[in-house]
There are 2 protein chains.
Amino acid sequence: MDRLNLLSFTPFRLNRLAAEFSTALTADYARFGIDIPEWRVLATLGMHDGPRSANYVVRCTRTHKSRISRAVGQLTELGLVERQESDDDRREIMLQLTPRGREVYRELVPLLLAREEQLLSGLSAAQRRALDDALLTLEQSLGLMNCQP
Amino acid sequence: MDRLNLLSFTPFRLNRLAAEFSTALTADYARFGIDIPEWRVLATLGMHDGPRSANYVVRCTRTHKSRISRAVGQLTELGLVERQESDDDRREIMLQLTPRGREVYRELVPLLLAREEQLLSGLSAAQRRALDDALLTLEQSLGLMNCQP
DNA sequence: CCTTGACGGTTGCACTCGCAACTGGTTAGG
DNA sequence: CCTAACCAGTTGCGAGTGCAACCGTCAAGG
């Protein structure tokens, strides 16, 4: 076989599905004036209680540090995130949600989970488990799952 | 549960995996001086023998027409694709691979299939079937599978 | 100490992309 | 016919992104 069916080519399929999911979620972000990179910062900080360094967000989300830096700038401008330099390493910038940021997070999470549910609604429970399993295996084999502080 | 674990949030996971796959493939494209959108055009034209309209590529790949237009421009400049206006509808631009384009396609396909295989190598046969099944169901439920001429 | 290399974060720059406006061509309806 | 709405494809423009260079800080070794 010297031809390639684009529609069954996994990289293309993942790309297209990811794009579809992203644009669906954008509707929810937009309500709060933020976009994908800002959401990633918000989500990472929202997962924990204490502050986390910008670099931690970079490692967790596997997003380029310049993108994170600009997203953080945007979020502080919106008053959702606070920067404060670390005591033990003055290079690090520690980030944490402001009360308003925590509030936005709490409002946003159910919206996004509902959106995810809607997007996955075509899948049976078994299919979801199988998808989750396959994605996890891929993530591990590609080394995407290390997120230690 | 009022928190969201980003690492198990499907849109994020798809996005990250897709990005990982894309950058892996870029190494192969780059050898021929092309990038993702150019590859999509090449792949779509390569799947068939006769010429196809630019709009057909747009519908098949679900890529914005401006992106396709510029990709086609790039490919014609590289001598891999020929444009010719259609006889029965002079708005349409019919596209087809040049001999050189077909040659590049034939060289590129095995490289990309090998790369896909490498990326999926962590999955068992059953996992691959399950992944394929889940992706297909998602594609159908999102209406991504219509590609008629 | 001082130097050297590494690291966290920011920013200038070039590039790509999506949107919307536009061109030229087609179709339908009065 | 003629006009109006629509369609295929192109392009100008603004927004966002990745890269690389940069700044200030830290840690290791002489």
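Letters A, B, ... are given to chains in the order of the sequence lines, protein chains preceding strands, and every chain is numbered from 1. From a predicted model like this one, the values you see are computed outputs, not experimental measurements.
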Under 3.5 Å donor-acceptor, B:Arg100 side chain and B:Gly79 backbone: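 Flag not set: sc B:Arg100 to bb B:Gly79 has no pair under 3.5 Å.
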Donor-acceptor pair, side chain of B:Arg106 and main chain of A:Asp2, under 3.5 angstrom: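 No; judged by distance alone, with no hydrogens or angles, the pair does not exist.
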[X] [atom1] to [N] [atom2], straight-line distance once rounded to whole Å:
X: B:Glu92; N: D:dC6; atom1: CD; atom2: P; value: 19 Å
X: B:Glu85; N: D:dT10; atom1: CD; atom2: C1'; value: 14 Å
X: B:Arg59; N: D:dC7; atom1: CZ; atom2: C1'; value: 12 Å
X: B:Ile93; N: C:dT23; atom1: CD1; atom2: P; value: 17 Å
X: B:Gln74; N: C:dT16; atom1: CD; atom2: C1'; value: 12 Å
X: A:Arg83; N: C:dG8; atom1: CZ; atom2: C1'; value: 13 Å

What verdict does the side chain to side chain donor-acceptor pair (under 3.5 Å) test give for A:Thr76 and A:Glu82, after you've listed the backbone C-alpha separation in whole Å, the side-chain angles of each residue and the deciding distance to 0.1 Å? CA-CA 6 Å; A:Thr76 56; A:Glu82 252 180 5; over 6 Å; no
Does A:Glu77, at its CD atom, have more than 12 non-hydrogen atoms belonging to other residues, nucleotides or ligands within less than 6.0 Å? no
Between protein and nucleotides 23-29 of chain D, map the contacts as a letter string: B base, S sugar-phosphate only, - none, heavy atoms under 4.0 Å, written 5' to 3'. -BBS---
Let me have a per-nucleotide readout for nucleotides 13-20 of chain D, 5' to 3', with B, S or -, counting only protein heavy atoms under 4.0 Å. ----BBB-
From A:Trp39 CH2 over to A:Leu42 CG, what is the distance, rounded to the nearest 0.5 angstrom? 6.5 Å
Compute both the distance and the angle, then confirm whether A:Arg59 meets the cation-pi test with A:Tyr56: under 6.0 Å from the six-membered ring centre, within 45 degrees of the axis.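 A:Arg59 over A:Tyr56 ring: no.
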Under 3.5 Å, sequence neighbours excluded: what are the donor-acceptor pairs made by side chains of residues 64-75 of chain A?
unit_1	atom_1	unit_2	atom_2	d
A:His64	ND1	A:Ser66	N	3.1
A:His64	ND1	A:Ser66	OG	2.9

Quick test of your reading of the model: are B:Arg16 and A:Glu139 salt-bridged, counting only N-O distances below 4.0 Å?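 A salt bridge links B:Arg16 with A:Glu139.
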